[in-house]
Amino acid sequence: MTTSHIPSFNHMSSSSSPTPPLIPKPEPVTDSTDLQTPIPTSSSPPNLYTEFNNVAETFRSAFAQRLKRHDDVTVLNSLTGAIVTVPEEQDPVPVSVPSPSLVTRKPKPQERSSELVRITDVGPEGERQFREVVRKTRMIYDSLRIFLILEELREDFAMGSGSSSRRRGRADSKAASMMKERFLWLNRDKRIVGSIPGVQVGDIFFFRLELCVMGLHGQTQAGIDYLIGSRSSNGEPIATSVIVSGGYEDDDDRGDVIIYTGHGGQDKLGRQAEHQKLEGGNLAMERSMYYGIEVRVVRGFKYENSVSSKVYVYDGLFRIVDSWFDVGKSGFGVFKFRLERIGGQVEMGTSVLKFAKTLKTNPLSVRPSGYISFDISNRKEKAPVYLFNDIDDDREPLYYEYLASASFPRGILFQRSGDDGAGGCDCINGCGSGCLCEMKNGGQFAYDYSGNLIRMRPVIHECGPACKCPPSCRNRVTQKGLRSSLEVFRSVETGWGVRSLDILHAGAFICEYVGVALTREQASILTMNGDTLVYPARFSSARWKAWGDLSEVFPDDYERRPPPSYPQIPPVDFAMDVSKLRNVACYISHSTDSNVIVQFVLHDHNNIMFPRVMLFAAENIPPMTELSLDYGVSDDEWSPKLAICN
DNA sequence: GTTTCTTCAGACCC
DNA sequence: CGGGTCTGAAGAAA
């Protein structure tokens, strides 16, 4: 080991920032371990002087252990400090949680491991498995969160309207706690340095506790997550992830470069009121910089959406390249860390989000070229449907008449909802507990109060023309039309495709799959003529059937909380012809790994053989991400989307 | 193992 | 609609 590896405080007065007068000039001295450790010597304020001595002592003890610099740290083994690569053949699923049903007595929640691991060479198959685990866990979290909100509202309702004004419980944190108790948090058995398997750059979250559940960032509020020194192999704290969400005024976020402020020194109102100290997360950041250990960066910012007012975006890995002590805007000393994004990663989710926002808000003139139409629906939809093509001259979607709602054959048994004498509900103030329409849906509405699908059903009965509830009723989600701005775009890989300029929360209604519905007889004639049709019954959403299934959370009283039963399995046997009239949906690509699901819905009539085909987001979908549906055919077979819309 | 402290939340109120 | 205020849970620190 050479002295160049010994940490010095040079970084604390980087050349780019003038050394503030508050900071003592570090002067190297030789200590008993023959390792040079800088000791401040000036007549600085005593608190800072003490602080520097403390830090110096920390480093002295750390370096007494003769640490080497590891440029290619893969695993810091807690026993040996050895660097090990986690090989591909090792169990690709680190989530070894005991089955909740096997747990009889309430065990102590699993503690976070202190073993620092970097997971590499997972391989495509491993990544797919990890992704599936992450997906499922997120589904449970979201379903549980929504369940808790609905449960609370139900209690309020039962107790009478007077108590409904009480403060709402934190479903986001309660859901996380319950999952923690049931060992459903991910990546607790290893402390992961670098990317979390199954979590991709651009992934969107809505709550800090969601990040905890994923193992992306273990702190519920704090911005720096780190392994504490007393539990690390070399006695030094190591930072693994940071949240950038504007909590400190001295942050300077330039995208690929972030000047990140350390923590501490703020008063109760969040104002910088004293000097920060090189301890805790601040020291961990410095140590991660020294060892070249990358940190995950999650950005959080305001973004109005249906479930919260914020979003958190995973922006990938950054390296800490510099750190120094500076005078903050408040006049108090703060630690600063220069983070630089590591190359070779996909575009940051934050950049995509911002870009999508500019597409929506900027005047038409400053949008990128390639926009052929700013609304191919000609205002038939509630939100514009853009048409974008910057790779060739194809303008095909312009040449079709846009149909906002599917057309069903005349002459078939066709009843307006309510015409059968059953009538609609009488909920003049909107539908609530015990409403007739809730009964039609197995005693539970299909949507939560944000208008998101709670779980898939064979068919959903929305309130219809015969119902007395207002159009704003929670059970009229798909009738309200498009909620997000969609864009039909041209790509080399998939031809025409569809993406959203807004974040689509899991369960969000996207649009109807529109065409001219044909009976089997009508369809057979058309097929003979060579036209290709889409068969709604073939759409596959099998992967998402477990959506909303909380049996892993409520294993014991599953009897008490059975999924509602839905008597009607619709005998859907019609074809959708999109060769002449169509909407945005037919441009959605086919994928067996789809992010959009098909849900049958009845609202303007009650012929169960001809439900409307409604599309919902199957997971949180970031803006500009291509939507995909499982058309129920294998990739090499005929693809309706490719055949019809290309 | 326990208790206390800190924290780039989140909801609600005005 | 934004700041003040209240509650809070995880994890670090004591």
Side-chain angles (χ1 to χ4, degrees), chain A residues 54 58 108-114 141 145 148-149 152-153 164-181 185 187-188 191 205-232 235-253 258-274 276-285 295-305 307-313 315 328-329 334-337 339 350 449-450:
Chain A
N54 290 343
T58 303
K108 235 182 140 228
Q110 182 190 12
E111 225 177 277
R112 265 214 298 184
S113 164
S114 59
Y141 176 80
R145 189 182 57 77
L148 293 170
I149 292 172
E152 190 174 353
L153 289 168
S164 63
S165 60
R166 77 186 158 98
R167 208 178 194 87
R168 265 176 61 195
R170 291 279 302 273
D172 59 312
S173 74
K174 198 172 176 194
S177 294
M178 291 178 71
M179 288 179 71
K180 190 183 178 192
E181 279 173 18
W185 284 28
N187 302 313
R188 302 275 297 174
R191 193 77 69 107
F205 305 86
F206 297 96
F207 300 94
R208 281 290 295 267
L209 277 153
E210 216 177 343
L211 306 176
C212 296
V213 175
M214 297 305 133
L216 201 55
H217 187 85
Q219 304 287 340
T220 51
Q221 287 189 220
I224 305 170
D225 194 17
Y226 59 103
L227 176 63
I228 59 175
S230 63
R231 295 190 65 191
S232 89
E236 294 179 84
I238 300 291
T240 53
S241 58
V242 297
I243 308 287
V244 186
S245 61
Y248 283 80
E249 60 188 359
D250 294 306
D251 281 1
D252 182 9
D253 189 348
I258 303 165
I259 308 300
Y260 191 80
T261 313
H263 64 190
Q266 289 187 330
D267 63 14
K268 279 194 167 161
L269 295 171
R271 290 180 303 220
Q272 207 66 41
E274 52 186 291
Q276 293 186 344
K277 297 170 180 169
L278 189 50
E279 62 187 18
N282 298 349
L283 182 57
M285 288 289 280
V295 291
R296 294 181 291 273
V297 168
V298 176
R299 280 191 174 84
F301 39 87
K302 267 190 152 27
Y303 191 106
E304 283 310 320
N305 65 75
V307 302
S308 71
S309 55
K310 274 185 107 169
V311 294
Y312 295 93
V313 185
D315 273 338
K329 288 180 176 142
V334 295
F335 283 92
K336 289 191 173 175
F337 303 94
L339 310 186
T350 302
Y449 283 91
S450 308

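The figures here come from the full heavy-atom set of this structure, side chains too, leaving out hydrogens, waters and symmetry mates. In what follows, chains are A, B, ... by sequence order, proteins preceding strands, each numbered from 1.
Checked against salt bridge (charged side-chain N to carboxylate O under 4.0 Å, His left out), Glu304(A) has no partners two or more places apart in sequence or in another chain.
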Footprint string (nucleotides 9-14 of chain C, 5' to 3'): B base within contact, S backbone only, - free, heavy atoms under 4.0 Å:
BBSSS-
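The NZ atom of Lys336(A) sits 16 Å away from the P atom of dC8(B) (whole-angstrom rounding). With rounding to whole Å, Asp315(A) atom CG is found 15 Å from dC8(B) atom C1'. As a whole-Å value, the separation of Met285(A) CE from dT7(B) P is 15 Å. Glu152(A) places its CD atom 15 Å from the P atom of dT7(C), with the value rounded to the nearest Å. Atom CG of Leu339(A) is separated from atom P of dC8(B) by 15 Å (rounded to the nearest Å). If you take CG of Leu153(A) and P of dA11(B), they are 13 Å apart, rounded to a whole angstrom. The distance from atom NZ of Lys277(A) to atom P of dT7(B) is 10 Å, rounded to the nearest whole Å. Rounded to whole Å, the distance from CZ on Arg170(A) to P on dT7(B) is 18 Å.
Leu216(A) is listed as a side-chain neighbour of Val298(A), based on a closest heavy-atom distance under 4.5 Å. Inter-residue side-chain proximity for Ile224(A) and Asn282(A) is flagged as met; some heavy-atom pair is nearer than 4.5 Å. Between Tyr248(A) and Gln276(A) there is a side-chain heavy-atom pair separated by less than 4.5 Å. Between Met285(A) and Val242(A) the shortest side-chain heavy-atom distance falls below 4.5 Å. At a threshold of 4.5 Å between non-hydrogen side-chain atoms, the residues Leu209(A) and Ser173(A) count as touching.
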Report, one pair per line, the protein and nucleotides 4-6 of chain C atoms (nitrogen or oxygen only) whose separation is under 3.5 Å.
none

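As judged by a 4.0 angstrom heavy-atom cut-off over every strand, Tyr312(A) is placed among residues touching the sugar-phosphate backbone only. Residue Gly264(A) is classed as a sugar-phosphate contact, given heavy-atom separations below 4.0 Å to backbone atoms only. Nucleic acid contact class of Tyr260(A) (heavy atoms, under 4.0 Å, all strands): base.
Test Arg191(A), Lys180(A), Arg231(A) against Glu111(A) for salt bridge (charged side-chain N to carboxylate O under 4.0 Å, His left out) and you get one pass: Arg231(A). Under the salt bridge (charged side-chain N to carboxylate O under 4.0 Å, His left out) rule, Asp225(A) has a single partner from Arg208(A), Arg112(A), Arg296(A), which is Arg112(A).
Crowding of Lys310(A) atom NZ: a count of heavy atoms from other residues, nucleotides or ligands under 6.0 Å exceeding 12.
For the pair Asp251(A) and Val307(A), both in contact range of DNA chain B, the more 5′-proximal nearest nucleotide belongs to Asp251(A).
Remark: Arg208(A) is in phosphate contact with dA9(B), judged by side-chain N or O atoms under 4.0 Å from OP1 or OP2.
Base pairing analysis places dA11(B) opposite dT5(C); the two distances defining the Watson-Crick or G-U wobble pair are each below 3.5 Å.
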